[in-house]
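So the structure is just underneath, and the comments pick up after that.
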Amino acid sequence: MNRYNPNEIEPKWQAYWDEHQTYHANLNSDKPKYLAMSMFNYPSGAGIHIGHAMNYTISDVKARFKRQAGYESYHPVGWDAFGLPAENFAIKSGISPQASMAKIIPDYHKQYKAMGWSNDWQREIATHEPQYYKWTQWIFSQMYKHGLAYQDSRLQWWCEKDNTVLANEQIIDGKCWRHDGPDDPLVQQKEVKQWFFKITDYADELLDAIDDLDWTESVKLAQKNWIGRSEGIVYKNKVRDTELEIESFSAHFEAFTANTFVAIAPDHPLLESLVEGLDNKDETLSAAQKMANKRSLEGPKALGEMEGIFTGRYAIDSFGDEDLPIWITSYAIADYGTGIVLCSAHDERDFEFAQKYGIRLKPTMVPADAGEAEKVRNLEYCFTDMENGLLIEPQEFAGENAAGSRQRIADHLVSLGVAYKKVNYKMRDWSVSRQRYWGAPIPIIHCEKCGNVLVPDEQLPVVLPELDDFQPSGDGRSALGRATEWLNVECPTCGGPAERETDTLDTYICSSWYMFRYLDPRNEAKIFDSEIVNKWAPVDFYNGGDHATAHLLYARFVTRFFTKLGIMENPEPFKQMLFNGKVSASDGSPFSKSKGNGVDPLEIINSGYGADALRTYLMFAAPLEFGARWDPQGVPGAYRFLNRLWTLVQEYNAAPAGDVSADAARAVRQATHRMIYKVTLDIEENRYNTAISAAMTAVNDLFKLKVDNLAKHDVWQEALEALVCCVAPFAPYLAEELWHNLGHDDSVHVDHWPIFDESFLVTDTITLVVQVNGKLRSQIQVAADADQETIIQAAQADQKAAAHLDGKEIKKTIVVPGKLVNFVVI
RNA sequence: GGGCGAGUGGCGGAACUGGUAUACGCGCACGACUCAAAAUCGUGUUCCUUACGGAGUGAGGGUUCGAUUCCCUCCUCGCCCACCA
């Protein structure tokens with residue numbers, strides 16, 4: 001008898017699938033379409049790791065299941081090739097990122113195929129290829145033309161030695177990654193001009209559509225919080241002895257007469273004019289600068305260490321007669337709201353800050369309880385509960401519930417002319433430019449006469465020049481700043497001398513639209529064909545264990561933008577999104593290269609267990625949302641299961657033809673159809689672990705039945721075919737081999753999914769549980785269609801149950817059809 | 001600090017809308033095959049108790065004939081966001 005040897009059959013079927021293009025999708029097919037994919041892969045020299053094995057197997061199972069069930073199923077593949085790691089490697093090694101990718105990507109091909117993933121390789125894409133990023137640049141142009149791309153100055157981390165901008169991940173303990181010695185300087189902040197996409201224009205639209213998405217709930221919530229819509233008012237206050245008027249946003253303005261001081265962010269642009277004319281102006285500004293730097297470097301670590309500097313200025317209060325001192329505080333943020341806050345006794349931070357610096361506080365909202373109210377008046381603690389708080393002033397709202405009067409208070413403030421209503425968002429505009437070499441060049445030309453000029457569409461792509469040296473140019477620009485031949489161009493408008501923009505586009509743009517390029521990857525005339533995209537979008541199933549906010553939100557934004565351009569119809573890119581858990585090491589800690597506790601998928605495959613056992617284990621170990629914990633015994637366990645299925649088929653093939661008794665046939669069919677039902681439903685609903693356990697149960701049942709009843713017979717043929725089909729999404733190689741062993745010469749992976757027949761599950765007699773006072777006492781067999789009276793009599797007649805009923809009065813009897821009988825006795 | 005989720009055998013986990021708690025797998029024990037081992041096959045495996053029986057889903061309370069499931073209080077762990085006014 002043949003032994004199950006994955007190392008033999010896996011390469012064989014890999015070659016077969018390649019040759020027959022089994023997984024090539026016909027996008028014009030009449031079949032219903034299904035598009036499944038996992039988040040884009042960033043190729044690195046390390047190859048695939050166990051997290052990739054997890055992610056891509058999840059979407060592969062889904063794609064295979066649908067392909068078997070008669071869908072035209074497309075499981076695309078591609079590479080998110082631009083990005084900082086490849087550039088850093090190029091700077092260190094001198095090997096160009098283009099060359100690195102040319103070597104790395106073919107390695108991935110082999111690894112993906114070894115994993116048995118059913119990708120359509122004819123439509124492979126890579127974001128660093130000009131034919132792809134031509135359209136990434138086109139998106140920038142369209143944004144620009146529609147007023148959604150603009151330039152602005154922002155603070156960036158800066159290394160004085162390299163004269164270059166640093167990404168957050170390039171800062172190590174406050175120093176540049178390349179200059180982190182004891183004598184090297186700390187990184188500094190510097191204003192740099194940046195390009196932005198106006199995603200905030202879409203904030204409400206993106207927010208409102210979230211509720212209807214079939215996505216993992218935690219991700220939907222993360223997106224809502226990220227957008228962070230809050231309704232409030234903006235106060236206007238004049239500053240004493242100046243011409244200035246400051247504005248401050250407040251979402252909690254109910255106790256508005258409690259405001260006693262003003263907080264301004266240390267990096268606020270208005271700060272300089274605010275202290276203009278004061279004696280200690282310079283000291284104040286430099287102290288503020290220090291505070292700002294410290295905060296952005298130390299980040300959350302500086303939390304709790306609230307610091308303040310008095311500006312020397314006062315705002316004129318709109319309600320009381322005492323001026324409001326203006327303080328620079330470490331907790332006010334320049335780019336949320338207006339960067340200035342009116343502060344009161346009803347905010348934890350304001351309260352704490354005022355106590356620390358001895359600033360006057362004036363509570364105007366108290367709890368209903370008189371004793372507690374007294375404590376709040378005496379500043380014993382900070383009371384912030386607007387829902388339950390009662391206002392004590394001003395006169396027109398005194399005694400009212402703060403939250404209840406919110407709308408009227410807002411209207412009141414507006415009518416007094418001291419404030420206006422405002423909706424504010426946490427979400428900022430999307431910073432899309434990077435002072436980096438390895439990205440898609442921004443298609444802008446700077447002309448002395450004409451200013452910023454868009455590269456005309458017919459001149460796209462602006463091809464990234466190949467260089468020998470990837471060091472930043474030393475003037476704040478990337479290596480592109482030195483590529484003079486590329487850099488100097490004629491202005492498309494006036495023909496005069498001009499220079500190309502040297503910033504490249506954020507890689508999140510590359511990955512914000514790739515799912516649509518998959519549908520028309522070789523189109524040279526258009527970003528994609530609208531008809532094909534309208535047929536195939538949205539992506540039916542999308543999964544990943546990262547990027548809950550940025551990537552998924554940017555993709556939603558760009559998709560919506562496409563619908564405004566009229567090039568596609570559906571405004572949402574991903575119909576269903578599963579946020580799957582990550583694989584962790586057997587001790588529960590995360591896998592990491594530095595710890596050396598990683599598991600190499602290819603090593604496991606080659607050690608003799610095969611890709612099928614690895615895939616099956618990963619999908620079986622835990623619910624997809626949880627994230628599996630790596631168990632060294634797990635893959636051997638999955639292998640044992642696959643081996644038992646293998647044995648069943650081999651023994652069946654060796655068995656003589658013969659009859660199967662009616663009882664045995666029914667038992668085989670019951671096991672089969674119970675399995676079909678559960679596996680189908682469970683895969684559909686992303687419960688892969690219980691789908692596999694259902695297949696295991698069927699194999700165990702058939703193992704028992706085969707002892708006395710195995711014969712070449714339709715019942716067994718049907719059972720084994722069904723099992724092979726149901727296991728095929730998880731263990732595609734084994735399934736293909738066994739499918740052919742069972743006499744087929746086509747692929748099991750296309751259009752073969754068993755049909756569930758309910759009639760095989762119906763039984764004549766059923767087992768009911770007998771309870772006395774809710775405790776299990778016995779079990780009885782009754783006819784499936786027995787009526788209540790018969791069931792109760794049978795239960796009472798049961799010996800074990802009767803023993804517990806003896807001498808007691810039955811107060812109540814509960815019959816749950818098909819389940820149980822419960823006697824309540826005293 | 002805020003939000004979300006989860007606590008079930010030695011371990012990963014299962015349990016449909018409140019109805020036999022611990023499916024399936026791992027591990028372990030015993031048996032079969034073998035000169036032997038591995039592999040494979042079979043049986044058993046929540047705890048206490050010789051047994052009858054009893055206890056039991058993080059802790060405590062509640063609703064119910066009946067609670068892993070619903071409600072309240074508390075504890076622990078994980079993830080995400082984090083000075084957002």
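Here is how names work: the chains are called A, B, and so on, in the same order as the sequence lines, proteins then strands, and each is numbered from 1.
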Which nucleotide wins on minimum distance to the side chain of [X], given the candidates [options]?
X: Arg349(A); options: C84(B), A85(B), C26(B); result: C84(B)
X: Leu820(A); options: C83(B), A15(B), G19(B); result: G19(B)
X: Ala251(A); options: G25(B), A85(B), G13(B); result: A85(B)
X: Met696(A); options: C83(B), G19(B), G25(B); result: G25(B)
X: Arg640(A); options: U40(B), C24(B), A85(B); result: U40(B)
X: Arg644(A); options: G13(B), C65(B), C41(B); result: C41(B)
X: Asn822(A); options: C65(B), C83(B), U40(B); result: C65(B)
X: Pro623(A); options: C24(B), C65(B), A14(B); result: A14(B)
X: Gln633(A); options: U40(B), C26(B), G25(B); result: C26(B)

What does [X] touch in the nucleic acid at a heavy-atom separation under 4.0 angstrom: a base, only the sugar-phosphate, or nothing?
X: Phe823(A); result: nothing
X: Pro636(A); result: nothing
X: Ala332(A); result: base
X: Leu221(A); result: sugar-phosphate
X: Gly339(A); result: base
X: Asp350(A); result: nothing
X: Val769(A); result: base
X: Lys811(A); result: nothing

Distance test, side-chain N/O of [X] to OP1/OP2 of [N], below 4.0 Å:
X: Asn689(A); N: A14(B); result: yes
X: Arg777(A); N: G66(B); result: no
X: Lys819(A); N: A15(B); result: no

Pairing partner of [N] (Watson-Crick or G-U wobble, both distances under 3.5 Å):
N: C16(B); result: none
N: C74(B); result: G58(B)
N: U34(B); result: none
N: C81(B); result: G1(B)
N: G44(B); result: C28(B)
N: U50(B); result: none
N: G9(B); result: none

Looking at Glu758(A), I want to see if its CD is surrounded by more than 12 non-hydrogen atoms of other residues, nucleotides or ligands under 6.0 Å.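 Not more than 12 within 6.0 Å, no.
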
I'd like to know if Glu809(A) and Lys811(A) make a salt bridge, using a cut-off of under 4.0 Å between side-chain N and carboxylate O.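 Salt bridge between Glu809(A) and Lys811(A), a charged N being under 4.0 Å from a carboxylate O: no.
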
Please confirm whether Arg777(A) makes a cation-pi placement over Phe823(A), using NZ or CZ under 6.0 Å from the six-membered ring centre and within 45° of the ring normal. no

Could you tell me whether Lys706(A) sits above the aromatic face of Phe703(A), with NZ or CZ closer than 6.0 angstrom to the six-membered ring centre and within 45 degrees of the axis? yes

In whole angstroms, how far is the [atom2] atom of [N] from the [atom1] atom of [X]?
X: Asn700(A); N: U40(B); atom1: CG; atom2: P; answer: 14 Å
X: Asp546(A); N: C80(B); atom1: CG; atom2: P; answer: 9 Å
X: Asp631(A); N: G27(B); atom1: CG; atom2: C1'; answer: 9 Å
X: Tyr4(A); N: C41(B); atom1: OH; atom2: P; answer: 14 Å
X: Asn424(A); N: A85(B); atom1: CG; atom2: P; answer: 8 Å
X: Gln779(A); N: A21(B); atom1: CD; atom2: P; answer: 10 Å
X: Tyr688(A); N: A14(B); atom1: OH; atom2: P; answer: 16 Å
X: Lys775(A); N: A67(B); atom1: NZ; atom2: P; answer: 10 Å

Give me the distance, rounded to whole Å, that separates [N] from [M] when you measure between the [atom1] atoms they each carry.
N: U43(B); M: A6(B); atom1: C1'; value: 36 Å
N: A59(B); M: C77(B); atom1: C1'; value: 15 Å
N: A21(B); M: A36(B); atom1: C1'; value: 43 Å
N: G1(B); M: C74(B); atom1: P; value: 15 Å
N: C70(B); M: G19(B); atom1: P; value: 11 Å
N: G44(B); M: G9(B); atom1: C1'; value: 15 Å
N: U22(B); M: U68(B); atom1: C1'; value: 10 Å
N: G78(B); M: U40(B); atom1: C1'; value: 40 Å

Base of G9(B) relative to its sugar, syn (within 90° of 0) or anti?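 Syn, since the glycosidic angle lies within 90° of 0.
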
Can you work out whether Gln771(A) or Gly774(A) has the more 5'-proximal nearest nucleotide on RNA chain B?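 Its nucleotide being nearer the 5' end, the pick is Gln771(A).
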
5'-most by nearest nucleotide on RNA chain B - Ala628(A) or Gly637(A):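 Residue closer to the 5' terminus by nearest nucleotide: Ala628(A).
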
Can a side-chain donor-acceptor contact be found between Asp429(A) and Thr200(A) if the only test is distance below 3.5 angstrom?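 Their side chains do contain a donor-acceptor pair, which is all the 3.5 Å distance test asks for.
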
If you round to the nearest 0.5 Å, how far is CG of Leu710(A) from CG of Leu648(A)?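 Between atom CG of Leu648(A) and atom CG of Leu710(A) there are 8.0 Å.
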
Side chain to side chain donor-acceptor pair (under 3.5 Å) between Asn55(A) and Asn580(A), worked out: CA-CA 8 Å; Asn55(A) 285 6; Asn580(A) 56 268; 2.9 Å; yes

Within the structure provided, determine whether Phe730(A) and Phe620(A) are in side-chain contact (heavy-atom separation under 4.5 Å).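 Sidechains of Phe620(A) and Phe730(A): no contact.
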
Listed in order of residue number, which residues of residues 702-710 of chain A have a non-hydrogen atom at under 4.0 Å from RNA chain B?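 Result for residues 702-710 of chain A: Phe703(A), Lys704(A), sorted by number.
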
Which side chain to side chain donor-acceptor pair (under 3.5 Å) pairs, counting each pair once, include a residue from residues 340-349 of chain A, with sequence neighbours left out?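 Only Asp347(A)-Arg349(A) qualify under side chain to side chain donor-acceptor pair (under 3.5 Å).
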
Passing candidate, ring-ring contact (aromatic ring centres under 6.0 Å, His included) with Tyr4(A), options Tyr609(A), Phe641(A), Trp646(A):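 Output: one option passes, namely Trp646(A).
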
May I ask you to decide if the ring planes of Tyr336(A) and Phe249(A) are parallel, tilted or perpendicular, using 30° and 60° as cut-offs?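 Taking Phe249(A) first and then Tyr336(A), their aromatic rings stand perpendicular (interplane angle over 60°).
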
In terms of relative ring orientation, are Phe574(A) and Trp215(A) parallel, tilted or perpendicular, with 30° and 60° separating the classes?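 Phe574(A) vs Trp215(A) ring planes: tilted.
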
